[in-house]
Novice: 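Dumping the structure here so I can ask a few things about it.
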Number of protein chains: 2
Amino acid sequence: MDIAHRATDQQTPAEQRRRELLEAADRVVLRDGPKASMNAIAAEAGITKPILYRHFGDKGGLYRALATRHTDALLSSLRASLDAPADRRRRVEATLDTYLASIEAMPQVYRFLMHPAEESHQTEQGFDVGRHSAPLLRRMGEELGQVIAERVDLGPAAEAQARIWGHGIVGMMHAAGDWWLGERPCSRAELVKSLADLLWGRLAEADDRPGGPGF
Amino acid sequence: MDIAHRATDQQTPAEQRRRELLEAADRVVLRDGPKASMNAIAAEAGITKPILYRHFGDKGGLYRALATRHTDALLSSLRASLDAPADRRRRVEATLDTYLASIEAMPQVYRFLMHPAEESHQTEQGFDVGRHSAPLLRRMGEELGQVIAERVDLGPAAEAQARIWGHGIVGMMHAAGDWWLGERPCSRAELVKSLADLLWGRLAEADDRPGGPGF
DNA sequence: AGACTGCTGTTACCGCAAGTAACGTCATGC
DNA sequence: GCATGACGTTACTTGCGGTAACAGCAGTCT
């Protein structure tokens, strides 16, 4: 494989190899969960451990590379829903539904992506707090915050408000989705509608129940 | 120490010992993070590993016992805010503030509590999906859902709606809090107000920004 | 008294996973 | 011809969760 050929398929042999290794790792992780061992992944790829370490440094590096692929894919689906031509309520519902449909269709990928960083390589003393969330959640929160800031008129302090809302909405979606995925208490459509209602202020509008002070 | 004495301090020697071990474990976990080893914990308690295993079964058992203590403490703080005599908006803000003040004051405890189950003892094949969230989040979500169902008049399907909202609101609070704790982009009071505004439907009310379709 | 029970605690080990060192092998560029 | 460097191996170290197997030391029952 010479330079000319390499130019046609846009991949150096090293990149090609890396892709193959990632695909093997993907299969194992999707089968065994996030606790898949490096030995198992190497075996699936038909090689042995040290090669994985040469390519990805350590386990965290491999997992980060894997997560980035899936995260990018999910984020582009979400961006498509967010950009659909419809009113705001419909867009929110479409985005929620896209997210929920994704985690419903590929629960193992979801599970893998939600595993927190683990590595941390503790900086100085103590351990980094406030970094528990999976990188996927951070990215979704940041992107949503940006979209809100761009499109919604929030008056003064809009920037801060939009970021808070971005992370808050993403967290709402995630927690409700995780719970729903485990218990399946209702259909996806019902869940989407309920969450959208929540964002549309129905909690504030609802009356107190007879017989006590309101929530 | 005979039975009569035991009755006065309400603890069998075994329970007393267990408490001591838990306190030692607490110190280590708060110092070293969730990756504290059983050896380290045993050393802190002045004993060796097998004793820990006799008391708690396995690492998950110890961590569960630790987590339950802290979770109970946090939940009772939250219940107090939730039951304060004020209108609904003030209660929501008080509860958000209580949660955020707690994680701000004891970030290591927070970090520890948010670590997912890990154990799983995989049932049949595959791994349990939809159980990523920390038990604390599940418990908060369920309790909040119950409170909403009790106090807010939601019409038909109120039960399901309330549980969804409970988990959704808890997730919102958690994700926003985690992000805030890491970046400190604003004061706690501002964060509380923004999140309450979100729940009060300000996203729905806000106008589109000039120059594009609305979010 | 003496045996039995049940708790405290120990040392020494197993199995397994992450990560590394040291060594071969083969194509490429000079 | 030969050095460079990627691809690959075996064999090792370290550290962790978890478990035997054993020892001392109450109290308790006969």
Side-chain angles (χ1 to χ4, degrees), chain A residues 1-7 11-25 28-29 31-66 112 115-122 127, chain B residues 1-6 11-25 28-29 31-67 112 115-122 127:
Chain A
M1 186 176 295
D2 59 7
I3 289 286
H5 188 195
R6 185 186 305 156
Q11 292 210 335
T12 71
E15 286 167 346
Q16 173 70 24
R17 196 83 186 91
R18 188 185 165 95
R19 260 197 65 247
E20 293 173 13
L21 297 182
L22 276 178
E23 278 163 18
V28 177
V29 164
R31 168 159 44 80
D32 298 350
K35 61 180 176 44
S37 79
M38 295 296 268
N39 261 326
I41 294 172
E44 170 74 25
I47 53 167
T48 49
K49 266 193 302 178
I51 304 182
L52 288 180
Y53 284 95
R54 279 221 264 271
H55 275 273
F56 302 103
D58 62 354
K59 190 173 186 170
L62 206 182
Y63 277 34
R64 237 174 290 124
L66 260 183
F112 171 69
H115 246 250
E118 299 285 5
E119 338 99 58
S120 83
H121 290 184
Q122 81 273 11
F127 34 91
Chain B
M1 185 177 292
D2 59 6
I3 289 286
H5 189 195
R6 183 187 306 157
Q11 290 211 337
T12 71
E15 286 167 344
Q16 173 70 23
R17 195 85 186 90
R18 186 183 166 97
R19 260 197 66 246
E20 293 173 14
L21 297 182
L22 276 178
E23 278 163 17
V28 177
V29 164
R31 168 161 42 83
D32 298 350
K35 62 180 172 45
S37 80
M38 293 298 267
N39 262 326
I41 295 172
E44 170 74 25
I47 53 167
T48 49
K49 267 193 301 178
I51 304 185
L52 287 181
Y53 284 95
R54 278 221 265 272
H55 275 273
F56 303 103
D58 62 353
K59 190 174 185 168
L62 205 183
Y63 277 35
R64 238 175 288 124
L66 259 184
F112 171 68
H115 247 248
E118 299 286 5
E119 334 103 57
S120 85
H121 289 181
Q122 81 274 10
F127 36 91

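Order of the sequence lines fixes the chain letters, A, B, ..., with proteins taken first and strands second; residue numbering starts at 1 for each chain.
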Novice: With the side chain of Ser37(A) defined as its heavy atoms from C-beta on, choose the nearest nucleotide among dA18(C), dG17(D), dG8(D).
Specialist: dA18(C)
Novice: Are any non-hydrogen side-chain atoms of Arg18(A) and Phe56(A) less than 4.5 angstrom apart?
Specialist: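 Sidechains of Phe56(A) and Arg18(A): in contact.
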Novice: So, taking the atom named OH in Tyr63(A) and the one named CZ in Phe112(A), what distance separates them when rounded to the nearest 0.5 Å?
Specialist: 6.0 Å
Novice: Quick one: is dG9(C) close enough that its OP1 or OP2 comes under 4.0 Å of any side-chain N or O from Thr48(B)?
Specialist: no
Novice: Please list, for nucleotides 19-23 of chain C, all pairs of protein and nucleotide N/O atoms separated by less than 3.5 Å.
Specialist:
{"residue": "dG19(C)", "atom": "OP2", "partner": "Tyr53(A)", "partner atom": "OH", "Å": "3.3"}
{"residue": "dG19(C)", "atom": "OP2", "partner": "Lys59(A)", "partner atom": "N", "Å": "2.9"}
{"residue": "dG19(C)", "atom": "N7", "partner": "Lys49(A)", "partner atom": "NZ", "Å": "2.9"}
{"residue": "dG19(C)", "atom": "O6", "partner": "Lys49(A)", "partner atom": "NZ", "Å": "2.5"}

Novice: To the nearest Å, how far apart are Asn39(B) CG and dG15(D) P?
Specialist: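 One finds 11 Å between P of dG15(D) and CG of Asn39(B), rounded.
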Novice: How many Å lie between CZ on Phe56(B) and C1' on dG17(D), as a whole number?
Specialist: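 Checked: the CZ to C1' distance equals 16 Å.
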Novice: Please list, one pair per line, the donor and acceptor atoms closer than 3.5 Å that link side chains of residues 38-49 of chain B to other protein atoms, with sequence neighbours excluded.
Specialist:
{"residue": "Glu44(B)", "atom": "OE1", "partner": "Arg31(B)", "partner atom": "NH2", "Å": "3.4"}
{"residue": "Glu44(B)", "atom": "OE2", "partner": "Arg27(B)", "partner atom": "NE", "Å": "2.7"}
{"residue": "Glu44(B)", "atom": "OE2", "partner": "Arg27(B)", "partner atom": "NH2", "Å": "3.2"}

Novice: Does a side-chain N or O of Arg18(A) approach OP1 or OP2 of dA6(D) to a distance below 4.0 Å, or not?
Specialist: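 Checking Arg18(A) against dA6(D): no side-chain N or O falls below 4.0 Å of OP1 or OP2.
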Novice: Heavy atoms under 4.0 Å, any strand shown: does Ile47(A) hit a base, just sugar-phosphate, or nothing?
Specialist: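 The residue Ile47(A) makes sugar-phosphate contact but no base contact.
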Novice: According to side chain to side chain donor-acceptor pair (under 3.5 Å), who are the partners of Glu23(A), at least two apart in sequence or on a separate chain?
Specialist: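 Checked Glu23(A) against side chain to side chain donor-acceptor pair (under 3.5 Å); matches are Arg19(A).
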Novice: Whole Å only: how far is the CD1 atom of Ile51(B) from the P atom of dC22(D)?
Specialist: 18 Å
Novice: Send over the distance from Lys35(B) NZ to dA18(C) P, rounded to a whole Å.
Specialist: 17 Å
Novice: What is the distance, rounded to the nearest whole Å, between atom CD of Gln16(A) and atom P of dA6(D)?
Specialist: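 Distance, rounded to whole Å: 17 Å.
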Novice: Just the rounded figure in Å: distance from P of dC16(C) to CG of Asp32(A).
Specialist: 15 Å
Novice: So, for Ala36(B) and Asp32(B), which heavy atoms are closest and what is the spacing to 0.1 Å?
Specialist: CB-CB, 4.1 Å
Novice: From CG of Leu62(B) over to P of dC16(D), roughly how many Å is that when rounded to an integer?
Specialist: 16 Å
Novice: Compare the minimum distances between each of dT9(D), dC7(D), dG9(C) and the side chain of His55(A), then state the nucleotide with the smallest one.
Specialist: dC7(D)
Novice: Give the rounded distance in Å between these two atoms: CD of Glu20(A) and C1' of dC7(D).
Specialist: 13 Å
Novice: Roughly how far, to the nearest 0.5 Å, is the CG atom of Leu22(A) from the CG atom of Leu52(A)?
Specialist: 9.5 Å
